[in-house]
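This structure is a prediction, so every number in the text was calculated from the model and none was measured.
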Amino acid sequence: MTLSREIPANAVPGVLRVKPARTRLLSALTQGDALNIVPGAYDCITARLVERAGFQAVYVTGSGISMSALGAPDVSLMSFSEVLDRVRQICDVVDIPVIADADTGYGGPLNVIRTVRELERAGVAGIQLEDQAWPKKCGHEPNRTVVPEREMIDRIKAAVDNRADADLHIVARTDARTTQGLAAAIDRANRYREAGADVIFVESPESEQELAQVAQSVDAPVLANMVEGGRTPILTGERLRELGYRYAIYPNALTRALSFAGARMLASLAEQGSTHAQRDAMLDHRALWNLFDYPQWTALEDRYSGKDGEA
């Protein structure tokens, strides 16, 4: 597995670069005809892996942050400031557009406005807001409660009216399918679009037929959430494109894969007393460092340490 790439010796490492707004890049993806597969990330390592794999955008998963930062599942324990810190780090380490899970906006209309402004300053290109009541739950778990439709419309309007960049995407998610049925979820989705949402996310359709009905009935770019072991069947990207989806997020595919691979490596280490048997499934020391621009860091340091060849 090769993760290094040719980098000019005098380039500033990615995390130090001042990046231009990536909202227009996300707008171009939304306006195209292709399905955009957007893997989830929860930290700098997973975000950089997504970018280096060639994906055009990355999704910051709230549940992944909760598990990695707090050691807790998605049960509404993360504060906005904790989420913001992680989102800012991810925005700094990649050049592709970042879509951030902002849950319910973390409070009333004023909180939503602050959430949007702070995440926008952090560098995101898209912000996902949902219509659950607080404390919210994972969209593939039971006992979710949605707020009245009017309250979610107000959340969307507060976000849309107060974004500094008109290209900043507001992704509106409805969790109404599980408790109110698909028809109610689709009705909410279209009203959220009328309120100004740029992309619509109907959470947890329970069959391919339901996924198709969402895409056919919602007059907006639509997003599918592919959760391994969740309520929604996992379809191929080609099939989702045929159904009419513009985005497919895989929020915790990396979380699951890395957890599985890590457990397997540790079991092997415990059994054999060495990592030798797992070497082909690991990055070596240099490959890991080069994932984070090590040649650029050393070149930058040398330039200001009298080691760049000048007298």
Side-chain angles (χ1 to χ4, degrees), residues 38 40-43 58-91 98-149 151-160 162-163 168-179 185 188-189 192 195-204 223 225 227 230-231 247 249-252 255:
V38 184
Y42 56 82
D43 65 1
V58 61
Y59 176 82
V60 180
T61 160
S63 59
I65 292 177
S66 184
M67 286 184 278
S68 65
L70 297 183
D74 191 8
V75 290
S76 299
L77 292 182
M78 292 292 294
S79 69
F80 172 56
S81 62
E82 290 171 315
V83 172
L84 178 63
D85 283 345
R86 190 65 67 89
V87 170
R88 184 181 291 112
Q89 293 162 0
I90 289 172
C91 288
V98 175
I99 303 171
D101 178 3
D103 290 333
T104 65
Y106 303 99
L110 296 181
N111 302 92
V112 171
I113 293 169
R114 182 187 176 219
T115 295
V116 169
R117 286 295 181 95
E118 294 285 2
L119 288 174
E120 193 170 8
R121 278 197 285 261
V124 303
I127 298 172
Q128 177 193 302
L129 296 170
E130 63 194 57
D131 62 3
Q132 281 197 57
W134 193 264
K136 58 92 54 176
K137 299 181 182 296
C138 169
H140 290 257
E141 291 296 317
N143 303 317
R144 284 168 286 145
T145 303
V146 294
V147 298
E149 188 179 283
E151 184 172 339
M152 179 59 177
I153 288 173
D154 287 341
R155 288 177 188 172
I156 294 168
K157 288 185 174 180
V160 170
N162 291 280
R163 57 189 172 186
L168 176 75
H169 273 41
I170 303 302
V171 180
R173 165 177 150 179
T174 178
D175 284 67
R177 161 64 188 93
T178 302
T179 57
R188 281 182 174 241
Y192 298 166
D198 301 284
V199 175
I200 296 296
F201 172 2
V202 175
E203 178 63 292
S204 58
L223 176 153
N225 187 16
V227 176
R231 292 174 175 267
Y247 290 99
I249 59 171
Y250 291 76
N252 278 295
T255 316

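Between the OG atom in Ser66 and the CZ atom in Arg86 there is a gap of 10.0 Å [rounded to 0.5 Å]. Between the CZ atom of Arg88 and the CG atom of Leu119 there is a distance of 9.0 Å, given to the nearest 0.5 Å. Note that CZ of Arg173 is 6.5 Å distant from CG of Asp101, once rounded to the nearest 0.5 Å. From Leu84, atom CG reaches atom CD of Gln89 across 9.5 Å, with rounding to the nearest 0.5 Å. The CG atom of Leu70 lies 5.0 Å from the CD atom of Glu82; values are rounded to the nearest 0.5 Å. Atom OH of Tyr106 and atom CG of Leu129 lie 9.5 Å apart (nearest 0.5 Å).
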Working for side-chain contact (heavy atoms from CB on, under 4.5 Å), residues Asp85 and Val87: CA-CA 6 Å; Asp85 283 345; Val87 170; over 6 Å; no
Before giving the answer on side chain to side chain donor-acceptor pair (under 3.5 Å), spell out for Thr174 and Asp131 the whole-Å C-alpha distance, their side-chain angles and the decisive distance to 0.1 Å. CA-CA 5 Å; Thr174 178; Asp131 62 3; 2.7 Å; yes
side-chain contact (heavy atoms from CB on, under 4.5 Å) assessment of Asn111 paired with Phe80: CA-CA 10 Å; Asn111 302 92; Phe80 172 56; over 6 Å; no
For Gln128 and Val199, run side-chain contact (heavy atoms from CB on, under 4.5 Å): C-alpha distance rounded to whole Å, both residues' side-chain angles, the deciding distance at 0.1 Å, then the answer. CA-CA 9 Å; Gln128 177 193 302; Val199 175; over 6 Å; no
Hey, mind stepping through Val116 and Asn162 against side-chain contact (heavy atoms from CB on, under 4.5 Å) and telling me if it holds? CA-CA 8 Å; Val116 169; Asn162 291 280; 5.7 Å; no
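Looking at Arg231 and Glu203, their side chains never come closer than 4.5 Å, going by heavy atoms from C-beta outward. Within the 4.5 Å cutoff, side-chain heavy atoms of Val146 are placed close to those of Arg188. Side chains of Met78 and Asp103 form no contact here, defined as non-hydrogen atoms less than 4.5 Å apart. At least one side-chain heavy atom of Asn225 sits less than 4.5 Å from a side-chain heavy atom of Ile249. You'll find the side chain of Arg144 reaches within 4.5 Å of the side chain of Ser204, heavy atoms only. Within the 4.5 Å cutoff, the side chain of Tyr192 has heavy atoms near those of the Ile153 side chain. A heavy-atom distance below 4.5 Å is found between the side chains of Asp175 and Glu130.
Here the shortest heavy-atom pairing between Ala41 and Val58 reads CB-CG2, 3.6 Å. Between Val202 and Ala189, the shortest heavy-atom contact is CG2-CB, 3.9 Å. Summarising the geometry of Leu168 relative to Asp198, their closest heavy-atom pair is O-OD2, 3.5 Å, with the distance given to 0.1 Å. Heavy atoms only, all atoms of each residue included: Asn252 and Gly64 are closest at OD1-CA, 3.5 Å. What you find for Pro135 and Ser76 is that their closest heavy atoms are C-OG, 3.5 Å. Taking all atoms of both residues into account, the shortest heavy-atom contact from Thr115 to Gly105 is OG1-O, 2.9 Å.
Of the charged side-chain nitrogens involved, at least one lies within less than 4.0 Å of a carboxylate oxygen, so that Arg155 and Glu151 count as a salt-bridged pair. The existence of a salt bridge linking Asp154 and Lys157 is excluded, since no basic side-chain nitrogen approaches an acidic carboxylate oxygen closer than 4.0 Å.
Using a distance-only test at 3.5 Å, with no hydrogens or angles considered, no donor-acceptor pair links the side chain of Thr61 to the main chain of Tyr42.
Every residue was checked against the salt bridge (Lys or Arg N to Asp or Glu O under 4.0 Å) condition with Asp43, not counting sequence neighbours, and none meets it. Among residues two or more places apart in sequence or in another chain, the side-chain contact (heavy atoms from CB on, under 4.5 Å) test is passed with Ala197 by Ile156, Ala172, Ile200.
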